[in-house]
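Working notes for the structure below.
The residues of the chain are indexed from 1 along the displayed sequence. Since we're looking at a predicted model, the values are computed, not measured. Counting starts at 1 for both ligands and their atoms, in listed order.
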Amino acid sequence: MVHTGGVRVSGPNREPAGRLRASDAGHRVLLKGWVAKRRDLGDLIFFALRDRSGLVQVLFDRQRCPAEAVEAAGTARMEDVVELEGEVVLRAEAQRNREMPTGEIEVVASRLEFLSRAETPPFSVEDRTNATEELRLTHRYLDLRRPAMQRNLMLRDEATFCVRRALHERGFLEIETPMLTKSTPEGARDFLVPSRLHRGEFYALPQSPQLFKQILMVAGFEKYFQIARCFRDEDLRSDRQFEFTQIDIEMSFPTEEDVFDTVEVVLGEAFGVAGIAAPRPFRRLTYREAMERYGTDRPDLRYELPLADLSAAASGSGFAPFEKATEAGGAVRGLRVPGGTAFSRKKLDDLTALAREHGAGGLLWIKKSAGDVSSPAKKNLSEAALKRLLEAAQLEEGDLLLIVADRPKAVFASLAALRAAAAREQNLADEGKHAFCWVTDFPLLEWDEAARQWSPMNHPFTAPRPEDLALLEEHPEQVLARAYDVVVNGWELGSGSIRIHRADIQERVFRVLGISEEEGRERFGFLLDALRYGAPPHGGIALGLDRICALAAGTTSIRDVIAFPKTTSGLDLMTKSPSPVAAAPLADLGITLSVPPFPPGEGRG
Ligand code: ASP
């Protein structure tokens with residue numbers, strides 16, 4: 001900061017309003033920003049002036065300020081852009097505002113100029129707003145002016161910068177890969193871009209830079225990263241966007257440990273920006289342990305609340321739902337909720353509905369309180385079976401036992417949801433805690449019932465464990481992958497693997513996936529070719545930058561950390577896209593619509 005004859009000049013030509021403090025009293029300052037609040041008491045007019053650095057109170061006082069400035073201040077409206085000069089003055093003790101960082105001072109103005117006038121905004125630009133998200137997204141420029149949104153995007157910038165620096169310092173090269181490319185299968189539909197010059201042919205927007213980063217390893221770069229935009233045309237949920245950003249990483253000659261080490265450092269940097277610790281090493285669980293213990297491969301480990309295997313205890317109970325599930329190759333599992341006898345009938349009905357939503361046929365509950373056992377199924381269960389179940393679940397006085405008997409998939413999915421709901425009800429998760437973990441040893445493949453074929457659990461380039469390779473054709477279900485996910489508080493932050501680096505193995509995996517030789521060549525010929533010219537063993541991961549920033553900012557919606565997000569039905573309300581295209585550009589592309597377009601903005605979603 002330079003002091004020039006009482007007028008302080010910093011930055012280009014003005015002072016950051018939000019940084020003025022008591023120590024600045026006596027200085028003349030030049031401020032530029034938005035009128036955030038205005039109070040007109042006749043001889044005294046107060047503004048709050050807002051710029052990126054925060055808010056400061058400005059005072060126009062007839063006693064101390066030229067009349068024309070006071071007149072002008074009287075015409076100011078919210079969100080007008082102004083330039084003003086004045087003196088920083090200490091406020092009287094009684095008038096200090098302890099809630100504002102600049103609350104000890106105010107700026108007594110001597111000049112005011114309007115740089116731009118604003119119409120009445122459709123909602124007030126403040127953190128506490130009752131504007132609907134639709135209105136906020138339509139006028140995103142106003143929404144983004146709110147201090148909380150400014151903080152979120154500043155945090156995102158800082159986190160991204162720290163990640164870049166950490167990776168650069170570890171020898172990773174940032175290399176861009178194309179947006180107009182060929183489809184990379186990550187399990188979603190592609191966004192297609194028609195080619196004008198090659199009429200009838202299409203590019204796909206990348207679902208991820210997966211194949212390019214592998215090819216960069218074949219090309220000898222050894223360590224790559226990219227803050228990469230990815231595009232997936234899938235049904236949107238609250239924490240998904242059609243386009244999102246990944247911290248995409250790949251390295252040559254790595255073991256899983258090298259990837260874990262890099263990622264733990266990167267996440268430590270990113271969360272560190274928000275003062276959140278990511279203590280290393282992260283806990284590790286195999287996929288199987290995670291499923292059996294928590295029913296999900298993205299467990300919230302802020303609390304334990306494990307599931308119990310009740311299959312043995314349930315066997316021979318004569319209880320029809322148990323018998324039916326076991327005969328069909330299913331399972332009986334339960335969740336002991338300590339202190340859960342306090343759950344009301346209504347709560348239990350809600351939990352039953354939740355179990356059904358996640359594919360279970362129903363939910364059985366048992367309560368143990370005041371030495372008595374109560375359950376809707378008490379009369380259908382023998383004394384001995386009931387005793388076995390309670391013992392297997394280690395039910396104690398005051399506990400509730402929730403039991404699901406069904407196909408394993410439904411059992412796990414519903415108990416995982418019940419576990420999360422019970423934890424919420426019992427306040428088990430410490431909101432300030434971040435429990436990071438690695439989930440490893442995923443199955444390579446899963447059976448796709450609808451398509452009646454094997455599909456990759458991750459993507460088709462994931463390496464099988466070498467010791468399982470011999471099982472690939474005969475027992476694909478037994479093959480485990482060198483794949484891993486990094487998880488925090490029930491959110492999957494990233495997913496990656498050691499890749500297949502031999503063309504013969506890649507072709508075998510394609511075959512098991514039902515991809516014919518011809519199709520394999522047509523879709524991935526360039527990869528197979530590259531693997532034939534000396535490919536190093538390689539592996540990597542992609543971390544979801546939007547989720548990381550949302551968690552670091554303490555918001556549950558990734559839309560709060562993306563400057564221009566789309567709605568959950570994929571609309572950009574500010575630019576009004578998608579939108580119909582005129583006939584001429586379509587004709588250039590050789591496209592005629594065979595179905596009438598949906599009315600603008602409606603779509604199917
Ligand atoms: N390309 C993968 C994805 O986007 C991540 C990886 O395997 O590195 O999920």
Side-chain angles (χ1 to χ4, degrees), residues 163 167 172-179 181-191 204-218 221-234 239-252 254-256 258-264 266-267 287 297-298 438-446 455-465 480-487 491-501 506 509 513 523-524 527 531 535-548 558:
V163 165
L167 287 167
F172 287 82
L173 302 183
E174 184 167 10
I175 303 177
E176 288 166 279
T177 54
M179 288 280 139
T181 176
K182 209 175 169 86
S183 171
T184 309
E186 297 281 3
R189 269 201 194 87
D190 287 322
F191 278 100
L205 298 181
Q207 292 189 29
S208 82
Q210 183 62 34
L211 292 174
F212 286 102
K213 68 174 172 175
Q214 290 192 234
I215 285 179
L216 287 170
M217 294 306 103
V218 181
F221 287 106
E222 296 188 12
K223 286 175 165 188
Y224 142 97
F225 86 98
Q226 182 178 193
I227 308 293
R229 199 65 77 80
C230 305
F231 304 85
R232 298 184 191 175
D233 186 0
E234 55 193 341
D239 64 341
R240 292 263 175 94
Q241 285 277 305
F242 282 155
E243 47 181 310
F244 57 94
T245 309
Q246 288 186 342
I247 304 167
D248 198 40
I249 296 174
E250 196 74 6
M251 50 213 294
S252 293
T255 62
E256 281 83 342
D258 297 313
V259 179
F260 294 176
D261 180 63
T262 305
V263 169
E264 290 181 9
V266 163
L267 290 178
Y287 171 80
D297 55 6
R298 46 184 173 88
W438 287 104
V439 180
T440 63
D441 297 277
F442 283 80
L444 184 72
L445 307 160
E446 59 188 343
S455 71
M457 187 109 173
N458 191 291
H459 50 58
F461 319 108
T462 301
R465 293 197 313 184
L480 296 185
R482 295 181 71 184
Y484 33 76
D485 278 4
V486 62
V487 173
W491 292 44
E492 183 201 306
L493 286 187
S495 166
S497 58
I498 303 298
R499 326 296 182 187
I500 298 167
H501 72 281
Q506 187 64 74
V509 168
L513 291 172
R523 288 174 63 191
F524 309 116
L527 173 72
L531 295 184
H538 59 284
I541 194 162
L543 305 169
L545 182 64
D546 307 300
R547 284 189 191 171
I548 292 171
I558 60 169

request  = Verify salt bridge (Lys or Arg N to Asp or Glu O under 4.0 Å) between Asp248 and Lys213, making sure each step is shown before the conclusion.
outcome  = CA-CA 8 Å; Asp248 198 40; Lys213 68 174 172 175; 2.7 Å; yes

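Closest to atom 5 (C) of ligand 1 by heavy atom, among Gly496, Ala483, Ser495, is Ser495. Of all the listed residues (Arg232, His459, Gln210, Gln207), Arg232 holds the heavy atom that lies closest to atom 4 (O) of ligand 1.
With salt bridges taken as basic N to acidic carboxylate O contacts below 4.0 Å, one links Arg465 and Asp441. At a threshold of 4.0 Å, the pair Glu234-Arg189 does not count as salt-bridged, since none of the basic side-chain nitrogens sits closer than that to a carboxylate oxygen. Here Arg229 pairs with Glu243 in a salt bridge; the nearest charged N to carboxylate O distance falls below 4.0 Å.
Each of the following atoms of ligand 1 lies closer than 4.0 Å to a heavy atom of Ser208: 1 (N), 4 (O). Of all atoms in ligand 1, numbered sequentially from 1 with element shown, those under 4.0 Å from a heavy atom of Ala542 are 5 (C), 8 (O). Within ligand 1, the atoms closer than 4.0 Å to a non-hydrogen atom of Gln246 are 3 (C), 4 (O), numbered from 1 in the order shown. Counting atoms of ligand 1 from 1 in the listed order, those under 4.0 Å from a heavy atom of Ile541 are 8 (O).
Distance check, rounded to the nearest 0.5 Å: CD of Glu250 to CD of Gln210 gives 6.0 Å.
Using a 4.0 Å cut-off between heavy atoms, Lys213 contacts ligand 1 through its side chain alone, with no backbone atom that close.
Donor-acceptor pairing under 3.5 Å is recorded for the side chains of Asp190 and Gln207.
At the shortest separation from atom 2 (C) of ligand 1 among protein heavy atoms lies Glu186 OE2, 3.3 Å.
Residue contacts with ligand 1: Arg499 is included, with a non-hydrogen atom under 4.0 Å away.
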